[in-house]
Amino acid sequence: MTSGRPLLSPFEPSSLPTPHSRPHPHPHHRHHSSLRISSLGCICCNASVSSSVVDETQRNNNLFDLKEEEEDIVPVGDKGLPELFVELSTSLGKKSKKVNSADSQFYRQFPVECSPQERKRLVSWGGAMDQHHNLTTLEISKDSSRPTSSRVASSRIQDKLNKSQRILQKSMRLDDKLSHEDNPRLIHINDPNRTNDKFQFTGNEIRTSKYTLINFLPKNLFIQCRRFAYLYFGVIVILNQLPPLAVFGRLASAFPLLFVLLVTAVKDGYEDWRRHRSDRNENNREALVLQSGKFELKKWKNMCAGEVVKIHADETIPCDMVLLGTSDPSGIAYIQTMNLDGESNLKTRYARQETISMVLEGGMISGVIRCEQPNRNIYEFTAYMELKGQRFSLSQSNIILRGCQLKNTEWAVGVVVYAGQETKAMLNSAVSPSKRSRLESQMNRETLWLSVFLLSMCLVVAFGMGLWLKRHEDELETLPYYRKSDFGNGKFPGKPYKYYGIAMETLFSFLSSIIVFQIMIPISLYITMELVRLGQSYFMIGDKHMYDSSNNSRFQCRSLNINEDLGQIRYVFTDKTGTLTENKMEFRRASVYGDNYGTSLVMAGMLQGTDISVVKTAASVGRRKWHLKSAIAVDSELMELLHKDLAGENRIAAHEFFLTLAACNTVIPILNQSSSSMCIGGELPDNVEGIDYQGESPDEQALVAAASAYGYTLFERTSGYIVIDVNGEKLRLDVLGLHEFDSVRKRMSVVVRFPNNNVKVLVKGADTSMFSILKKDHAGNDHIRQATQSHLNEYSSEGLRTLVVAGRDLSGEELEEWQCMYEDASTSLTDRSIKLRQTAALIECNLHLLGATAIEDKLQEGVPEAIESLRQAGIKVWVLTGDKQETAISIGLSSKLLTADMSQIVINGNSENECRKLLSDAKAKYCVKSANCPDRNIKCKNNDENDYLGVPVDTKLSILLQQHAGEEEGSASAPLALIIDGNSLVYILEKDLESELFDLATSCRAVLCCRVAPLQKAGIVDLVKSRTDDLTLAIGDGANDVSMIQMADVGVGICGQEGRQAVMASDFAMGQFRFLKRLLLVHGHWNYQRVGYLVLYNFYRNAVFVLMLFWYILCTAFSTTSALTDWSSVLYSVVYTSLPTIVIGILDKDLSHKTLLQHPKLYGVGHRQESYNMHLFWIMMFDTLWQSLVLFYIPLFTYKESTIDIWSMGSLWTIAVVVLVNMHLAMDIQRWVLYTHIAIWGSIVITFACVVVLDSIPMFPNYGTIYHLAKSPTYWLSILLITVLALLPRFFFKVMHQTFWPSDIQIAREAEIMRKRPSCFEAKLDQGSS
């Protein structure tokens, strides 16, 4: 069986939409099972039994998780997006010569030779048809004159996505081109020596570690020194080693940098040691390998291509190998791919019937496999096997990949085709693209200003020194600091100092000043921010309110670089299915042959008053009855129709309808003995058997379970047939082939042979792709079609996911032609997907409509409340879904994304001109301003800020309690909601209409995009990112959301039913959408407030210390001497003051989580950047200037007439500056806890202890100074006076500001305090009265 889904080709003319139909995605196939059923035979004279063949895109669409009716999926395949586009453009001419005539008419509409303008249009974002190689061909055009458009990412959008994935692609870049028949990989089965005769294949040893003992030191240093700050401090250390510039001790000057480098190196070394240990354990595992006619244990690392390996149940697959045989006589193996793609569903793989017999009979296993070169596409495998002079096709269903586990199968035997680093699992091992927070980027701006201050101070010192030397040039022998001879009685009395002249001394003074003032650029800030983010992540992970008990998943922090960005999100882009909804499908409605069913549902077991009987005919003695794992509601009227002894058209259509649901799928039936809960009267009937279904698509599982509830139970599947229990009668259907669902055809079909030798093709798919291939020459079909279409519209309006079912008989000639083409396509190594799709087109035509299905995907708990809270917080929520427009609107209303008072703007265009007109009309009608003026974003931002300004003092305690949740956002008119479909986005995103869409969309309170492809989702995110400075967040649960998640500033993955692709590509992961409310409004707010203050405080802390040194140098003839010891200067930012900043950055809270959740508008603090901005930076710098003056001059004036030496002054300044900065920090602490007290006061105690230790070392010039100072009351009064005077202006400023111009946070804090105080007063009153 095969799927006819091509990777790089358009679909056939027969599948083109009609002028009046708009194709939709397949609504019930997000995943595609690996299941492939081989053919039972071929009528062609040279035919042989055909195995399952997976087309080239079937797994690619799973890569993008074909959920929520995603007919518009972009199959990325085994190529990185950039390589795919390059190959796409270079292979047009070559590929166009190989397509069959079925597509000739289509290809003639797109000549290979294009003008540059036309080529740009063809490859542009979302609307291109790269001639006959499209990444995602969309059946969305309603204009028959226009070929069906495909959604291919434009080079501009794709470049931006690729830019965010540089690290990912760098580590994954390979030559991913499909193998051609003239350059395949030859694998000689059971002959590894011949296979590797030229040693071109790698062994099976893997290596994920980054370092070795030899290269660890140089490589790690090189990686660390790519940070500019580290290079800066490295230069400082080198300068300090030069004798003329040796301001500090050589070891002391290098200590901070060495400390940071050492800590990072130890962390990196430990992580790499763990990788080495993991690699060693993995490589030394053992498996059975066929050697000298018998299976013997062999270490994984010693295996190589061509060897035959035997795996037992629950063992892990050691390498990529083609299945040759299993313990199942039919050659089926069940595998679990959780280690590979995160999906827990069991998948099936098949061995060729030709090799099964050799394995079971124990004969000599030999043959040749020709396969493609190694690539990282885990959803594709193109190969064929030559065995005894015959050629048999191999596909994805015949290969099991390294890392998978064998399940429900006793043993399996396969031949190694890819080993070690060439396995698909290893080729896919790469790091996620790193992101950088906005606040960290803004921090560079302030760092630049600090660099300007640093250079300015150094220039002042150098210029002053030059003038001083010039003025006192004749007195240098007698003046201090610069005398040319040593007047002391040392070892060499009278020895001249090295004097280099005024010019050189001025230069040396400038360089020495840089060394003295080096901590103006805080090196400790980088490691402090990493530690703070780590601590914040720890508390986010441990938040019990973000724990999902339904799937036992905790919150995950996969990126530590952007915690603070969570507090500044302006736009949220969300997927629908599995993100807003549960992705647990329930069969609700059915339209069968024009009749509507499902309005009155009852549980299946209640029809006859029993828990196990579903159908009347199943009550016969000796016949098995089936019990589903979960109960299914059925329609009694439809059930009665199915069991009537009638032969009318309705009865036949209903029979074929449910037969199609049971047969046209890839689910795996799992039989198990019924549990005691199924007992009747305490006894368990012997003929009752439990059954469950495993499948990659929840939609398919729901449909098959529904068919079972109505009496059509699929209970056996092999590589060549399926067995269905039809109302108690066993029906075996030989499966001749299966074309799986893909994003081009948007349908799937199965060809089955009935016991009476009749052959039918059963098809199900999206309505727009199905109605175009129905038989049109039958009068009755028109009536049924119209009725079915009406029912589909009704289902969609209720938010249900729809699917159309059809089928027809195949004549002998049609079957013969199809099987011959099928056999040829399935054994081709080139353009296999094109040929398979053309083969499917032969039989997917002139179908008889049977009916339609409707599946419900319920909203997750708390979604409406979460969306409403996000909206109140000033966050705009955009839903990007592949669902039909009616379904999406219904979900939008139920989730409160859309409200009844909103004016809906619907953009459904079929051409560029029509889209332009719709956008212009909407802008004119609702007075939407254009973005022509460059300051529009600034104005919009100011307007947003004006929506929530401070309020009069007399109302500040009650305002937050009385805010109206539905308050309009700056406008008295009705809010707007934009609804746009993917067809319109094709024209808008590829033309010059993006700015028009941006203007309209950003003026709306809600945006709903229907039928969008995965890369279109990324394009919409980029539309906002490229035109505004607002931060974006994308959240999704499937692989089709990966591009959107990586494009957004913050990516969030949902641990849902769709595997873990989205989680693995995300920055944060959670179990439910409702947790996003707490993540942003609580943790996002806290993190932003903490990190913003942390950065400003670090700037202040270092600047006040440097300015104190600067004032001292000005008073010492610009000599760059220091009153502080070398170690005091070095330890200031690393030891003395580092702990409090870390503790406050992790634990401080300005408001409680209850207040933040109760008043979402407080989140606007991040939008207005109240915790970190240039205004605060300059206020902080002026305050720093004042504090540094007080810090320096008070001790100077206090001890002016004393005989105290300079080292005693240095000790005083050291203690005073540490006390000052800690008291400054204490004034700003919002929440005092035990750890806060320990950090603040402990820091002061540690500083005193270190000063005592340093002053107790005889070799230091400051020996014993602290002991003399501590005895004097003047010393302690000086410290107190410094602290009070330095902080007095700041104290008055805070009091005045909070009294007359309170911020929202201050108002909310006072409200919290007032809520707590009444309880205290009441307690006191109670005590007094008693």
Between Tyr1100 and Tyr1097, what is the ring plane arrangement, given parallel below 30°, perpendicular above 60°, and tilted in between? tilted
Determine whether the aromatic ring centres of Phe1192 and Trp1213 lie less than 6.0 Å apart. yes
Would Asp1228 and Tyr1093 count as having a side-chain donor-acceptor pair, cut-off 3.5 Å? yes
Scanning both residues in full, the closest heavy-atom pair of Met443 with Leu525 reads SD-CD2, 3.4 Å
Looking only at side chains, do Ser1303 and Glu1170 share a donor and an acceptor under 3.5 Å apart? no
If every non-hydrogen atom of Ser513 is compared with every non-hydrogen atom of Ser509, which pair is closest and at what distance? OG-O, 2.7 Å
Any side-chain donor paired with an acceptor under 3.5 Å for Ser1171 and Gln1089? no
Over 60° means perpendicular and under 30° means parallel, so tell me whether Phe1110 and Phe517 are parallel, tilted or perpendicular. perpendicular
Under 3.5 Å side-chain donor-acceptor pair for Ser1211 and Thr1265: yes
Option passing side chain to side chain contact (heavy atoms under 4.5 Å, CB included) with Ile1279 (candidates Ile1194, Val1218, Val1219, Val1217): Val1219
Determine whether a donor-acceptor pair (N or O, by modelled atom type, separation under 3.5 Å) exists between the side chain of Ser1202 and the backbone of Tyr1199. yes
Can you say whether the rings of Phe1177 and Phe1099 are parallel (under 30°), tilted (30 to 60°) or perpendicular (over 60°)? perpendicular
Arg1090 versus Asp1150: any side-chain heavy-atom pair under 4.5 Å? no
Consider only side-chain N and O atoms of Thr447 and Asn444, and report whether a donor and an acceptor are under 3.5 Å apart. no
Centroid-to-centroid, Tyr1136 to Tyr1132, below 6.0 Å? no
So His1153 and Trp1086, do their side chains get closer than 4.5 Å, heavy atoms only? yes
With distance as the sole criterion, is a donor-acceptor pair present between the side chains of His1297 and Trp1301 under 3.5 Å? no
Ignoring hydrogens and angles, state whether a donor on the side chain of Glu446 or Tyr1172 is under 3.5 Å from an acceptor on the partner side chain. yes
Between the side chain of Tyr1112 and the main-chain N/O of Leu1124, is any donor-acceptor distance below 3.5 Å? no
Between Asp1049 and Leu1031, which heavy-atom pair has the shortest distance, and what is it? OD2-CA, 3.4 Å
Is there a donor-acceptor contact under 3.5 Å from the side chain of Thr1155 to the main chain of Leu1151? no
Is the Trp449 ring parallel, tilted or perpendicular to the Trp1178 ring (thresholds 30°, 60°)? perpendicular
Asp543/Arg1078 ion pair, N-O < 4.0 Å: yes
